[in-house]
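Below is one structure, written out as structure tokens; comments come after it.
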Amino acid sequence: MNKLYQLSIHEAHELLKQRKISSVELTRSALKRIAEVEDKIHACVTITEDSALRQAEEADKHISSGDIAPLTGIPTLVKDVICTQGIRTTCGSKMLENFIPPYNATVIEKLKAQKAVILGKTNMDEFAMGSSTEHSAFFPTHNPWDLSRVPGGSSGGSAAAVATDEAIYALGSDTGGSVRQPAGFCNMIGLKPTYGRVSRFGLVAFASSLDQIGPITKDVPDCALVMSAIAGHDPRDSTSVPYPVPDYSQHLIPDPSGSSPRGRILEGLKIGIPQEYFVEGMQNEVRAALETAIRKLEKLGAEIDWETSLPSTKYALAVYYILAPSEASANLARYDGVKYGFSERGASNVIETTEKTRQFGFGSEVKRRIMLGTYALSAGYYDAYYLKAQKVRTLIKQEFDQAFKKYDALVTPTSPTVAFKLGEKIEDPMQMYLSDVCTQPINIAGVPAISIPAGFASDPSPSLRSGSGQGLPIGMQIIGKPFSEETLLRIAFAYEQATDWHKKRPPL
Ligand code: GLN
């Protein structure tokens, strides 16, 4: 048998249900794994060992009384932007370094309702702004496939942790790609749900018209289980919608024959391949892996249209970098040294307190976003930037609406490149921003998308070749119409059963 920490949710659930293992054993195993690898990966900001073991004991009691839900007793890690009562929630920022929320986010309440075990909180780019986790105020996280590379971001800690088996699954947040891009860089499954599908109550706000919480898991069935647990209407988040939550697992069609000719389990589905996502500057191996993966979807019965076009895609990055900073500049105004977290005490009056608090509390990328956003919203520039971006946002959304009249899903790469080197893009914000060029349009349109493992590339330059010799993971993004997460999971599961990419683990 695998080591306990290597199990998936559904495997662990079976063993717990049959009482072959206990939650305490499983939790100890994950904690031991964290202790073993954390000094190489640096995925976690806070480990809550004692409370995790208490939760595991509690879960075991429930299980022995016959009360078990899919996530009962299973250890998880949570991105440090999601509020956890009594557990420090830093947002990767000095500003909230010692902030202990007095309440739980709704997603945490939902995990707790199932008696999940929370192991701690994961590292991230400060306030979720970044694509590499290097903008954490504390330390960078390393990619387990090659320790000299980034795990992606901003949920880099969550993705690296699950890839290294520090937790059975994790939660992240995605404003422009922050669940999918790190999932892609670490060979994990990452789902950005439809805007409104999952409550954001207790998610520290970055850009409120774009933010969603999503799962990072080792396989597609696990992703379905976590989605079923966290989705749904929440009276405390007026942007969550009152639609019923499907049992996502029911939509996964088992196909033990894998890619056999009879296994055409995607028969009847139409998939478009938008040309604009195969951008200039994309690595050849990413392009090649995607082509092979799409042919696999075709073999599985899907009808592929290689000539799909979403022409406004080229404006998405510009639109994102006006809207997201604008919203961030408003959301981050609350950090004034009075109400939350860090406060610079050496100032002589209230204005100076606010100025110094923000000067020392925020890192440089956060300040850059606040300045960009404040500029775009200021009198005289509002119409030229913010309002214009909103109009183009509508165009982008309409193009997706049109495409989904024809297609059940769209398929693109998750990122134009594999994981890059630590330090490679940190001095060049524009290069960093380009890492999300394929994921941001999805948040702009509010539609759901999943990233799944779709192959490996050796770095084009031999001198930079991955230390493990295994090459670096490549992610495939599947995009769906609003509230069609079950279709995305169905396609993803069909592909997963026909390939072995998701089974590969980093050599740690
Ligand atoms: N990398 C993008 C940014 O820096 C997206 C981040 C996110 O999704 N939170 O804004």
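This structure is a prediction, so every number in the text was calculated from the model and none was measured. Counting starts at 1 for both ligands and their atoms, following the listed order. One-based numbering along the sequence shown.
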**OP:** Report the C-alpha separation of R369 and E365 in whole Å, then their side-chain angles, then the decisive distance to 0.1 Å, and conclude whether the salt bridge (charged side-chain N to carboxylate O under 4.0 Å, His left out) test is met.
**Re:** CA-CA 6 Å; R369 305 279 179 114; E365 183 60 28; 2.7 Å; yes

**OP:** Check the angle between the aromatic planes of F127 and Y335 and answer parallel, tilted or perpendicular using the 30° and 60° thresholds.
**Re:** tilted

Subject >> Output field: ring centroids F483/Y243 closer than 6.0 Å >> reply: yes

Original post:
Mind checking what residues have non-hydrogen atoms under 4.0 angstrom from ligand 1?
Top reply: A128, M129, G130, S131, S154, D174, T175, G176, G177, S178, F206, Y320, Y321, R369, D436

**OP:** Verify side chain to side chain donor-acceptor pair (under 3.5 Å) between D234 and S240, making sure each step is shown before the conclusion.
**Re:** CA-CA 6 Å; D234 177 8; S240 70; 5.7 Å; no

Original post:
What residues, two or more places apart in sequence or in another chain, satisfy side chain to side chain donor-acceptor pair (under 3.5 Å) together with T89?
Top reply: T84, K121

Subject >> Side-chain donor-acceptor contact under 3.5 Å, E97 with T90 >> reply: no

